[in-house]
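Take a look at the structure set out below.
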Amino acid sequence: MVPVNLILFTFTSLGFAAEPLPTAVGKFSMVPDRLEVHEKVTFDVVYVVGPGGLAEGDAVKVDDPIFHGMRWAKEGYLQTDPAACTPFAAPNAPASAGLVTAKTSAATAEIELVRDIETANLFMPGGTTVYVTSGSLAQGDTITFTFGDTTDNPDCGLQTLTRAMRELDLRVHEKLAGSPLTEVRGPKFEFVTTRLPRILLVSVPSQALVGVPFTVTVAALDNFGNNTPMFTDTVTIAGQSYTFSPADQGVWSFEVTLTEPGVTRLEAVTSKGGSWFSNPVEVSTSAPQLSIYWGDLHTHHGHHYTDETGQLIDLNHEYARDVVGLQVGCETQKPEPDVIEGEALWAHMQTVCDEWTEEGRYVAMLGFEWMGEVNSPGQEGHHNVYYDRCDGPQVDSATTGLTGSDLSLWAFIAETEATIGARSFSVPHASSYTGFNWRDRDDSYRPIAEIYSVWGDSSIQNAKGSGVYDGLAAGNRMGFIAASDNHEGFLGNPFNFKNAKSGLNAFVATDLSREGIYDSLTSRSTYATTGIRPILRFGAEDGGAVPMGAEYVGDTPTFSWSYSAELSITTVELLAISVEGGGTMTKLATWSPGTADASGSFTWSDWDKDTTMAVWLHVYESNREEAWSSPIWVTADCGGANVYDVAGRCGSGTDSGGADSGSDSASDSGSDSSSDSASDSDSEHDSEGAADSGAGGGDGKSESCGGCATSGGGGALGLTTLGVLLLTRRRRRAVVGYVAGHLVERGSPAGANDRI
């Protein structure tokens, strides 16, 4: 029997109805039906009375639009007092108050306008209802709702969102002849941008093969990140030219073939003299064993619709894949009661996960945000939960406590796997801003931490002890990811208006599949950026090759890296922190290349073997962007779980399951690159270079190191060993404990209003 809290949801709520809505008796229209983004607007919704007329007690209603669980009051909300209107508001400032009014053409009737809600609370549905309070309306009479009525006050316009969206449904209702209020088919509308582009975003895959074409996406984006039809220049790239038309909506894709190996950045030149460069692409003569893919795993809200062919169009994933050129995306929905119509929205997320995944091109992941207590004793913070499949369940925010209870998040994760076989794990995010408790450690349930998002840098140790580096110091083995966490939908939007730039994440994986991306995350084979797409490799050599994300038994480690920037590299720092004895952090080495492509290495000859250390790379580019590798842990403890024994220092040469991942060498992520020196900007790279971004790290639930995987002594891991390690990595951890199902009561935990 499936536990109650694991029942999968189906479409039942308004806006997600499986059956078509009935046609209205009267007729609704919206004028105008194209609204400019981020403006104070005025529009009318006109209801023309149908056969039978309207009598006293009858009513018509217009709902406030809902965008994946959020009412449109994020930027502007409606109320009924013209004196209470407020001026235009900047993005993420308190929402602007607008005015809604109504009138009728019927001289023999009186009407009353009622608002369901007159606050800017985003997560409560709202609408405007007009009741006939006396008299009647005949067929052909009208009721006109004016949204953003500025007749008495110029500040009373309704402020719109910053995001352009098409095929929006205006949800409307009729209440006729004593019947209940019934939703009927309403008009469609859209948000549009007529702004000129701020940037050309030129997106390319991080890796390509000599002589094999790949896609280059050029997107003209306005200052909110919307692709804009106002761009009509001619763009030339790699010898190809194309003239944009308004029908292109500011996006065009080129097929480009490169014939020389090395790292390059493609230049897009406009007919007006503008010049924009792509992220670096590494061209190789043979297919990589491990590839770099880019994605955004954390955003909220947005819009979807079904087109005339029955195809599900999800604008968030469409934007990620087709506009900004990402390969991985996930909209991490918050469960009810923290979003509107959460159960139906979750069913939609499950459908999107399946329908929008095209392995080798784009992977849509399934995930949700669990919100524990924040900024209070026990501060568990917020976690995103990600699945390895598309049918996992949610648990709502009434679940409190990360561990120690049969209603805890990690117990829910274990129960879900035991019950329906869906694997998942949790990722803390914005920990420096919500507060976090790192004392409960389980690396299988928390292999990754979100180190950066629009909320800012969550890395640095702080007084609350809630930074990601505090988590490392507490002993947690966590790789690093970054994400946008924007609340406008549109995965991978390079612009935001919160606290900081938008984040992106690199997945170093065997292939672009859900399994490959999931393995990348659980093995800590990831790196994080503030929105750029550099090529970063980080590894170690110590009697054998050690990939990024791994913990291994060391002696005299040499840490090596290579980096190809979008512009140029200002500073590279090699950082380390002890996971015991107070969590002391130190800077092992610093490089200042001043070039676009560079590499370096550092031998830690005086490492204190009594102290396990986490070591990682932090890179600063000249455009004020940053990147973080996931750590490598070096230890002398042969008894630790998940320890990778590259040099056979623990005495046994067989794999007990402790090594979850690896790569064929510390210098190769599967392609022919890694420059020869920290100051070398030559794009011709040596395949014997030092650093590796390959899959690494353990899954947290295997045996101790007595018998961990070895490389048989000194050299790079061979291909056979690589295959064994990848298969080992895909073995599922043993579920620790089985928890019976429980009905989780809905409620709002402390700090739920900190909606990060």
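These figures come from a predicted structure and were not determined experimentally.
In terms of heavy atoms, G325 sits closest to S203 at CA-CB, 4.2 Å. Summarising the geometry of D169 relative to K188, their closest heavy-atom pair is OD1-NZ, 2.5 Å, with the distance given to 0.1 Å. For L366 against C330, the heavy-atom pair with the smallest separation is C-SG, 3.9 Å. A pairwise comparison of heavy atoms in W370 and D396 identifies CD1-O, 4.1 Å as the closest pair. The heavy-atom pair separating C85 from L99 by the smallest distance is SG-CB, 3.8 Å. Here the closest non-hydrogen pair linking L161 and F191 is CD1-CE1, 4.4 Å.
Panel note: side chain E190, backbone L168; no donor-acceptor pair is recorded below 3.5 Å. No side-chain donor-acceptor contact under 3.5 Å links D44 to the backbone of V46. Listed for the N227 side chain is no donor-acceptor partner under 3.5 Å among the backbone atoms of A219. Panel note: side chain E75, backbone Q159; no donor-acceptor pair is recorded below 3.5 Å. Panel note: side chain Y386, backbone L297; a donor-acceptor pair is recorded below 3.5 Å. Counting only distance, with no hydrogens or angles, the side chain of T86 and the backbone of S96 share no donor-acceptor pair below 3.5 Å. Listed for the Q333 side chain is a donor-acceptor partner under 3.5 Å among the backbone atoms of G342. Panel note: side chain N121, backbone F123; a donor-acceptor pair is recorded below 3.5 Å. Not one N or O on the side chain of D388 forms a donor-acceptor pair closer than 3.5 Å with the backbone of R514. In terms of modelled atom types and a separation under 3.5 Å, the side chain of W252 and the main chain of T243 share no donor-acceptor contact.
Under the 4.5 Å side-chain criterion, counting only non-hydrogen atoms from C-beta, V454 is not in contact with H298. For the pair F495/R198, a side-chain contact is recorded, criterion being any heavy-atom separation below 4.5 Å from C-beta on. You'll find the side chain of V324 reaches within 4.5 Å of the side chain of Y319, heavy atoms only. A 4.5 Å side-chain heavy-atom check between T228 and L196 finds every atom pair outside the cut-off. At least one side-chain heavy atom of D63 sits less than 4.5 Å from a side-chain heavy atom of H173. Side-chain contact check for I313 versus E167: every heavy-atom pair is 4.5 Å or farther apart. No side-chain heavy atom of T162 sits less than 4.5 Å from a side-chain heavy atom of V37. Residues T232 and P246 are in side-chain contact: their nearest non-hydrogen atoms beyond the backbone lie under 4.5 Å apart.
A centroid separation of 6.0 Å or more is found between the aromatic rings of H303 and H301. Aromatic pair H317/H304: ring centres not closer than 6.0 Å. Aromatic rings from Y433 and W455 are positioned such that their centres are separated by 6.0 Å or more.
A distance of 13.5 Å separates CZ in R195 from CG in L221, rounded to the nearest 0.5 Å. Rounding to the nearest 0.5 Å gives a distance of 4.0 Å between NZ of K61 and CG of D116. Between atom OG1 of residue T309 and atom CG of residue D307 there is a gap of 3.5 Å, rounded to the nearest 0.5 Å. Atom-to-atom distance recorded for T357:OG1 and L512:CG is 9.0 Å, nearest 0.5 angstrom. A distance of 9.5 Å separates CZ of F43 from OG1 of T146, quoted to the nearest 0.5 Å. To the nearest 0.5 angstrom, F67 atom CZ is 12.0 Å from N316 atom CG.
Counting non-hydrogen atoms of neighbouring residues, nucleotides and ligands closer than 6.0 angstrom, the NZ atom of K27 reaches no more than 12 such neighbours. Heavy atoms of other residues, nucleotides or ligands lying less than 6.0 angstrom from OH of Y242 number more than 12.
Of the residues L315, V192, L35, the one that meets the side-chain contact (heavy atoms from CB on, under 4.5 Å) test with M165 is L315.
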For the pair T217 and V251, evaluate side chain to side chain contact (heavy atoms under 4.5 Å, CB included) and give the outcome as yes or no after the intermediate values.
-> CA-CA 7 Å; T217 302; V251 181; 4.1 Å; yes
Could you give me the CA-CA distance, side-chain angles and deciding distance for N496 and S502, then say whether side chain to side chain donor-acceptor pair (under 3.5 Å) is met?
-> CA-CA 6 Å; N496 81 89; S502 189; 5.0 Å; no
Go through D64 and R115 one step at a time and tell me if the side chain to side chain contact (heavy atoms under 4.5 Å, CB included) criterion holds.
-> CA-CA 10 Å; D64 295 354; R115 281 287 295 164; 2.9 Å; yes
Determine, step by step, whether L21 and R171 satisfy the side chain to side chain contact (heavy atoms under 4.5 Å, CB included) criterion, reporting the C-alpha distance in whole Å, the side-chain angles of both residues, the deciding distance to 0.1 Å, and the verdict.
-> CA-CA 10 Å; L21 292 170; R171 290 160 58 170; 6.0 Å; no
Is there a side chain to side chain contact (heavy atoms under 4.5 Å, CB included) between D149 and T42 once you walk through the steps?
-> CA-CA 6 Å; D149 189 343; T42 301; 5.6 Å; no
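In summary, the side chains of T215 and E255 do present a donor paired with an acceptor at a separation below 3.5 Å, with no hydrogens or angles considered. D314 and H348 share a side-chain donor-acceptor pair at under 3.5 Å. For the residue pair E36/T194, the side-chain donor-acceptor check at 3.5 Å is satisfied. Between the side chains of Y77 and R71, no donor-acceptor pair of N or O atoms lies under 3.5 Å. N226 and T193 share no side-chain donor-acceptor pair at under 3.5 Å. For H382 and E369, the side-chain atoms include at least one donor-acceptor pair closer than 3.5 Å.
For K175, there are no salt bridge (charged side-chain N to carboxylate O under 4.0 Å, His left out) partners two or more places apart in sequence or in a different chain. Listed by chain and residue number, C390 satisfy the disulfide (SG to SG under 2.5 Å) test with C353 (two or more places apart in sequence, or in another chain).
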Would you give me the side-chain donor-acceptor pairs under 3.5 Å for residues 134-145, sequence neighbours excluded?
residue : atom : partner : partner atom : Å
D141    : OD2  : A138    : N            : 2.8
T142    : OG1  : S105    : OG           : 3.1

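Ring-plane geometry between Y387 and F368 is classed as tilted, the angle between the planes lying from 30 to 60 degrees on a 0 to 90 degree scale.
Between R361 and D322, at least one side-chain nitrogen of the basic residue sits less than 4.0 Å from a carboxylate oxygen of the acidic one, meeting the salt-bridge criterion.
Taking the centre and axis of the six-membered ring of F490, the NZ or CZ atom of R163 falls inside the cone set by 45° and 6.0 Å.
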